[in-house]
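Comments concern the structure below.
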Amino acid sequence: MQDRDPEMKIKLTGWKAVVAILVLLGLLGWRYAESRRTLGTEAADVVRHWLVAEYTRNNLATWTPEERSFDNKEEAAQKAQELLAASRVTILSIQARGSGDDVVVRVEVQVDGKTPPDGRSVRYFRMSHSALIGWQMRYDAGPWAWYLKLL
């Protein structure tokens with residue numbers, strides 16, 4: 001048997017080196033472009049449902065026990081209108097960085113045509129995507145997660 005050299009050296013010169021560099025740059029460029037994209041309607045629906053649940057839950061948490069009894073029909077109608085307004089979430093833009101199990105999503109949102117009740121019109125989330133399950137919301141993230149997500 002022959003002794004094999006444990007160090008394998010590859011030498012690319014001339015046109016082979018140029019082709020290898022172009023292929024590498026092409027792959028890196030494609031990966032970069034794929035990791036920074038606008039998400040489709042499926043991901044936007046997941047984000048929208050998350051936000052509707054959050055704003056509705058926060059609205060309900062502010063109700064006093066007297067308001068929950070709905071003895072006053074006018075108050076009940078007003079509270080119902082507030083709940084309906086909290087469910088009118090409009091996503092103005094949605095962008096993503098990353099792929100697969102670790103996607104950071106930046107969302108610009110309005111509620112009932114106005115700034116959301118919490119005052120945050122730009123939100124950040126960690127999401128994941130699976131071919132079997134689709135888009136899943138993982139948790140809220142901060143702007144630092146968006147800016148630090150490179151690939």
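Along the sequence shown, residues carry numbers from 1. Because the structure is a prediction, the values reported are computed rather than measured.
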Got a list of side-chain donor-acceptor pairs under 3.5 Å for residues 110-118, not counting sequence neighbours?
from : atom 1 : to   : atom 2 : distance (Å)
D112 : OD1    : R88  : NH1    : 3.2
D118 : OD1    : R120 : N      : 3.0
D118 : OD2    : R120 : NE     : 3.2
D118 : OD2    : R120 : NH2    : 3.3

Going by side-chain hydrogen bond (donor to acceptor under 3.5 Å, both in side chains), name the residues that satisfy it together with D140, two or more places apart in sequence or in a different chain.
R123
What pair of heavy atoms forms the shortest contact from W146 to R97, and how long is it?
O-NH1, 2.8 Å
Counterpart residues, side-chain hydrogen bond (donor to acceptor under 3.5 Å, both in side chains), relative to Q136 (two or more places apart)
none
The side chain to side chain contact (heavy atoms under 4.5 Å, CB included) partners of V18 (sequence neighbours excluded) come to L22
Minimum heavy-atom distance W50-M137, with the two atoms named:
CE3-CG, 3.0 Å
Check Y55 against A86 and note the closest heavy-atom contact, atom names and distance.
CB-O, 3.9 Å
Minimal non-hydrogen separation, I94 against I91, with atom names
CB-CG2, 4.1 Å
Assigning hydrophobic clusters by single linkage (Ile, Leu, Val, Met, Phe, Trp, Tyr; side-chain heavy-atom cutoff under 4.5 Å), is Y147 placed with V122?
yes
Could you report the tightest heavy-atom contact between A96 and V103, atom names first, then the distance?
CB-CG1, 3.7 Å
Applying side-chain hydrogen bond (donor to acceptor under 3.5 Å, both in side chains), name anything that partners R126, two or more places apart in sequence or on another chain.
D102
Quick one: does F125's side chain get under 4.5 Å of V104's, heavy atoms only?
no
Closest contact, heavy atoms only, S87 versus R48
O-NH2, 3.3 Å
For N59, what residues pass the side-chain hydrogen bond (donor to acceptor under 3.5 Å, both in side chains) criterion, not counting sequence neighbours?
W63
With side chains defined as the heavy atoms from C-beta onward, is the minimum distance between V109 and V89 less than 4.5 Å?
yes
Just do the side-chain contact (heavy atoms from CB on, under 4.5 Å) check on R138 and M127 with the steps written out, would you?
CA-CA 5 Å; R138 291 174 54 204; M127 296 179 73; 5.6 Å; no
Heavy atoms, side chains only, cut-off 4.5 Å: are R57 and E54 in contact?
yes
